[in-house]
Structure formats: C-alpha cells, structure tokens
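Since we're looking at a predicted model, the values are computed, not measured. For reference, positions follow the sequence shown, starting with 1.
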Amino acid sequence: MRQIILDTETTGLEWKKGNRIVEIGCVELFKRRPTNNNYHQYIRPDVDFEQGAQEVTGLSLDFLADKPEFAQIADEFLAFIDGAELIIHNAAFDLGFLDYELSLLGPQYGKITDRCTVIDTLAMARERFPGQRNSLDALCRRLGVDNSHRALHGGLLDAQILGDVYIALTSGQEEIGFGLEDDSGADGATLLAFDTSTLLPRPRVVATASELEAHTARLERLRKKAGHALWDGPKVEEAASA
C-alpha cells in the first residue's frame, strides 16, 4: 500500500469563511518507510490571513505573491496522491479545505475521498489515549518523537513529523504477507511494483546491558508494589484452581 502523510497550512481556521490553502506538504511511505518522493508546494491564496494565522506559519502574502494559485497546481497534486492511503492529523480540517479548493475549480474534480482512502491519526490517538491532549506536539512528547526543530507550523515539516508519530502509534503492526514469497496476488495478478532502491534503512535499536539491568530492576520494584505482575503469568493459586 502506497501511503502519503499529508499536511496543509491555511490562511485561517475555517474554509467556510473563505480561507484558503497556502501550503501543502506530502511525504510518501512504502512499506512504512519514506521513499524520498515527497511533494511540497506553496500557494498564493489571494485572500488575507486571519489574525494569528500568519504568526503560526511564518508565511506572508509578500512571500506568497509569486507562488502559483491552487488551480495551477491542482492536477499535479491530485496525480501525486491518486490512489494512495492518506494519513492526516485531524483529517476533517485538511479534507475540508482541499475539497473546498477543488469545488472552486468545478464539479468534475470531485472530492479527495473519491481518489484516496484516509486515516485520521487524531482519531487513532483519541482511541488510544482517551481524555488526553492529542495535538501533534502532545503526541511527539508522549511517543518520544523529536520535534525540537519545529518552531513554526509548516506543511512538509509537519508531514515529516506526523510520519514519525504515525509509525509510533502503529508500532507492532506489520505488513501481512500470508506466506507469499513472490509479488503475485492469489489470483496470479502482479502487484504494483515500486523502486525500492531509494528506501532508507529502517533503524534497529537494541537495548544495552545497563538498560536491560535497569529494566529488570524496574520490574522488580513494580512486583513488590503490586504484589503480582500480569506478565509473570497467573498466581499459583489461580493456576491450581484452573
């Protein structure tokens, strides 16, 4: 499955008030790893920023003055995302703006969900961490994702950070190959081939001896405090009754 982490920056919080997209950032993943085939575009909105929005992004109408309008990049952008699984944080926000931009170009462009499936990492985070703050910054702190270089919101930067957050949120989930050793489907159809020569190596982290020792000591303290640890199996009396 080809996945694309997507983020947009806008002139304000609501497209219904006429706000527009000023930046789109996309990071492509294949087999949960970045391919370096990204998409990034600044867009001239031809409307002013709402109060506070300009400070969040650091963008200005002067900077965007020589950038293309959405109509000029729409076909290129849609071709890049076509058929992919989009991963978006607070998908309703970005999809609302993207669909609004497409509606201004005519009904023939349809909606983003006509072309792509969507995973909302905000919904995933709320299910996993109910009642907690689940902004991108909050998830970075909770999941150990480094976002120290994020001074301002930015389409491509936020997409790159969201990619790390998504991998952390879904850690333990792997591709299900059903024992197939080739690239053919069960009906003999050939799956879409990708150039994997540009894939970056997946980091492998191994605990050191001192870390393992500290982990063991931590577990022992938990056993003493709780009286019993679930990972040690059932208590003796529970095992006997079973």
Side-chain angles (χ1 to χ4, degrees), residues 4-28 38-82 84 86-116 118-123 125-126 133-141 145 147-166:
I4 292 176
I5 316 292
L6 183 146
D7 183 77
T8 64
E9 300 301 332
T10 63
T11 61
L13 295 178
E14 296 185 44
W15 60 266
K16 293 180 181 179
K17 293 183 177 180
N19 285 301
R20 305 288 297 274
I21 293 175
V22 295
E23 185 182 4
I24 299 175
C26 297
V27 173
E28 183 185 64
N38 300 333
Y39 177 87
H40 182 227
Q41 181 65 60
Y42 291 110
I43 299 166
R44 186 175 75 249
D46 291 331
V47 298
D48 206 350
F49 283 88
E50 284 189 350
Q51 185 176 3
Q54 188 170 341
E55 288 74 13
V56 169
T57 63
L59 301 176
S60 67
L61 293 182
D62 287 341
F63 172 79
L64 298 170
D66 62 345
K67 304 301 185 290
E69 297 178 341
F70 185 88
Q72 296 173 272
I73 60 93
D75 291 335
E76 178 186 41
F77 166 67
L78 293 175
F80 182 82
I81 67 170
D82 194 38
L86 301 182
I87 300 167
I88 310 173
H89 197 68
N90 191 12
F93 178 88
D94 299 86
L95 293 179
F97 272 92
L98 288 168
D99 287 344
Y100 174 61
E101 294 283 0
L102 293 177
S103 73
L104 297 177
L105 304 182
Q108 70 274 20
Y109 279 90
K111 295 185 175 183
I112 295 297
T113 50
D114 296 333
R115 305 167 181 270
C116 306
V118 178
I119 291 178
D120 188 348
T121 51
L122 178 58
R126 285 173 173 169
R133 288 176 55 85
N134 288 303
S135 66
L136 188 57
D137 285 336
L139 289 174
C140 286
R141 291 191 295 270
V145 173
N147 68 339
S148 58
H149 52 302
R150 186 192 189 220
L152 297 168
H153 288 234
L156 186 59
L157 174 61
D158 285 4
Q160 292 168 334
I161 293 173
L162 180 58
D164 290 335
V165 167
Y166 170 72

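The structure places CD of E9 at 11.0 Å from CD1 of I43, a figure rounded to the nearest 0.5 Å. The line from CG of L86 to CG of D120 is 11.5 Å long, rounded to the nearest 0.5 Å. For the atom pair SG (C26) and CD (Q160), the distance works out to 11.5 Å, reported to the nearest 0.5 Å. The line from CZ of R133 to CG of L139 is 10.0 Å long, rounded to the nearest 0.5 Å. In this structure, the separation between CD1 on I4 and CD1 on I119 is 12.5 Å, given to the nearest 0.5 Å. Interatomic distance, I5 CD1 to E28 CD, rounded to the nearest 0.5 Å: 10.5 Å.
Of the residues I161, I87, V27, the one that meets the side chain to side chain contact (heavy atoms under 4.5 Å, CB included) test with Y166 is I87.
With E101 contributing its side chain and I21 its backbone, the two residues share a donor-acceptor pair below 3.5 Å.
Counting heavy atoms from C-beta on, the side chains of F49 and T10 never come closer than 4.5 Å. By the 4.5 Å heavy-atom criterion applied to side chains, I88 and F93 are not counted as neighbours. Counting only heavy atoms from C-beta outward, the side chains of W15 and L98 never approach each other to under 4.5 Å.
Under the side chain to side chain contact (heavy atoms under 4.5 Å, CB included) criterion, V47 pairs with T11, R20, P45, sequence neighbours left out. Judged as a ring-ring contact (aromatic ring centres under 6.0 Å, His included), and not counting sequence neighbours, the contacts of Y42 are H40, F63. Listed by chain and number, the residues in a side chain to side chain contact (heavy atoms under 4.5 Å, CB included) with L78 are I81, L102, Y109, I112, R115 (sequence neighbours excluded). Applying the ring-ring contact (aromatic ring centres under 6.0 Å, His included) test to F77 and every residue at least two apart in sequence or in another chain returns Y39. Looking at residues two or more places apart in sequence or on another chain, you find a side chain to side chain contact (heavy atoms under 4.5 Å, CB included) between K17 and E14, N19, E50. For E69, the side chain to side chain contact (heavy atoms under 4.5 Å, CB included) criterion is met by R44, D46, Q72, not counting sequence neighbours.
Residues L6 and L162 approach most closely at O-CD2, 4.4 Å, considering heavy atoms. Heavy atoms only, all atoms of each residue included: H89 and S135 are closest at NE2-C, 3.9 Å. Between D7 and A159, the closest heavy-atom pair is CB-N, 4.1 Å.
Residue pairs meeting the side-chain hydrogen bond (donor to acceptor under 3.5 Å, both in side chains) criterion with at least one member in residues 91-100, sequence neighbours excluded, are T8-D94.
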Report the C-alpha distance between D82 and C116 in whole Å, list the side-chain angles of each, state the deciding distance to 0.1 Å, and finish with yes or no for side-chain contact (heavy atoms from CB on, under 4.5 Å).
CA-CA 6 Å; D82 194 38; C116 306; 5.6 Å; no

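Environment of CG in L104: crowded, with over 12 heavy atoms of neighbouring residues, nucleotides or ligands closer than 6.0 Å.
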